[in-house]
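Remarks on the structure that follows.
Numbers here simply count residues along the sequence, with the first being 1.
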Amino acid sequence: MSALTVDPGPGHGQDWDDLVRIWEETDAPEGCKVEIIEGIVTVSPPPSKDHNTTAELLQRRLYTVIPADWGIYQTLGVSVPGRAGLYIPDLVVLPRAVASGPGNRVPAEEVRLVVEITSPANANHDRIGKAHGYAKAGVELFLLLDPWHTGRPTATLYGEPSDGTYRVLEAVEYGETLTLPKPFGLDLDTGAFPVS
């Protein structure tokens with residue numbers, strides 16, 4: 001992962017619109033993910049095959065339980081201006097109407113579920129910075145799939161955001177079942193996910 005630190009010049013704070021403009025103009029190699037995390041434009045390499053397989057397996061399960069007018073997106077920007085963030089989650093679930101129309105990002109408060117799958121280069125961003133950003137923005141549910149967790153791979157479901165923090169609703173080691181609450185109502189077998 002690399003980062004582009006933005007210097008707004010002496011005398012003024014970083015303006016959100018300037019950060020977004022820099023994000024939009026960042027020329028990264030194809031397949032790389034460009035995000036704004038805590039005011040810093042970051043570029044991550046394309047995810048591994050196991051990472052993509054995890055996202056695909058979860059997406060397949062989610063399609064069986066979401067309402068017909070919701071969608072699941074893999075490259076949609078989620079705007080979190082209160083944390084100087086513009087994240088591109090591994091999966092984001094929200095009403096299709098919110099994701100329709102011009103542009104390439106949606107407001108975080110419209111998201112029903114966001115999923116991050118850690119990679120060695122981004123694990124701490126997903127575990128800490130993005131978790132705080134999603135909670136501060138009021139994203140209802142945040143699922144962190146962490147095959148790089150020390151000890152054993154884990155799946156942690158966060159919810160009930162308040163004052164920029166989440167409550168852990170459930171945490172399991174890979175191989176155990178994690179339950180996504182309503183409106184999903186899904187028992188998720190984490191043993192299906194590859195372990196890196």
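- The side-chain heavy atoms of P183 and I66, taken from C-beta on, include no pair separated by under 4.5 Å.
- Put simply, the side chain of L145 reaches to within 4.5 Å of the side chain of V115, judged on heavy atoms.
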Identify every side-chain donor-acceptor pair in residues 153-160 under 3.5 Å, counting partners at least two apart or on other chains, and give the distances.
from: E160; atom 1: OE1; to: R167; atom 2: NE; distance (Å): 2.8
from: E160; atom 1: OE2; to: R167; atom 2: NH2; distance (Å): 3.1

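- Listed by first then second residue, pairs satisfying salt bridge (charged side-chain N to carboxylate O under 4.0 Å, His left out) with a partner in residues 138-149 read R112-E140, R127-D146, not counting sequence neighbours.
- Between Y87 and Y134, the ring-plane angle classifies as perpendicular under the 30° and 60° cut-offs.
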For residues 185-195, which side-chain donor-acceptor pairs fall under 3.5 Å, sequence neighbours excluded?
from: D187; atom 1: OD1; to: T179; atom 2: OG1; distance (Å): 2.8
from: D189; atom 1: OD1; to: G191; atom 2: N; distance (Å): 2.9
from: T190; atom 1: OG1; to: E173; atom 2: O; distance (Å): 3.4
from: T190; atom 1: OG1; to: G175; atom 2: N; distance (Å): 2.9
from: T190; atom 1: OG1; to: E176; atom 2: N; distance (Å): 3.2
from: T190; atom 1: OG1; to: E176; atom 2: O; distance (Å): 2.5

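- Counting only heavy atoms from C-beta outward, the side chains of P147 and T118 approach each other to under 4.5 Å.
- Taking the side-chain hydrogen bond (donor to acceptor under 3.5 Å, both in side chains) definition, one finds that D163 meets it with nothing, sequence neighbours left out.
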**Message:** As a quick check of understanding, evaluate side chain to side chain contact (heavy atoms under 4.5 Å, CB included) for V92 and L94, giving each step before the final call.
**Reply:** CA-CA 7 Å; V92 60; L94 71 162; 4.1 Å; yes
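- Legend: side-chain hydrogen bond (donor to acceptor under 3.5 Å, both in side chains) pairs involving residues 57-68, not counting sequence neighbours, sorted by first then second residue: E56-R60, Q59-Q74.
- For A135, the side-chain contact (heavy atoms from CB on, under 4.5 Å) test picks out P161, Y166, with sequence neighbours left out.
- At a threshold of 4.5 Å between non-hydrogen side-chain atoms, the residues V93 and V111 do not count as touching.
- The minimum heavy-atom distance between D126 and E116, with the atom names listed, is OD1-OE1, 3.5 Å.
- Nearest approach of A55 to L91, heavy atoms of both residues: O-CD1, 3.7 Å.
- Side-chain N or O atoms of R96 include one that pairs as donor or acceptor with a backbone N or O of W70 at under 3.5 Å.
- Counting heavy atoms from C-beta outward, L143 and L113 have side chains that approach closer than 4.5 Å.
- Listed for the D90 side chain is a donor-acceptor partner under 3.5 Å among the backbone atoms of I117.
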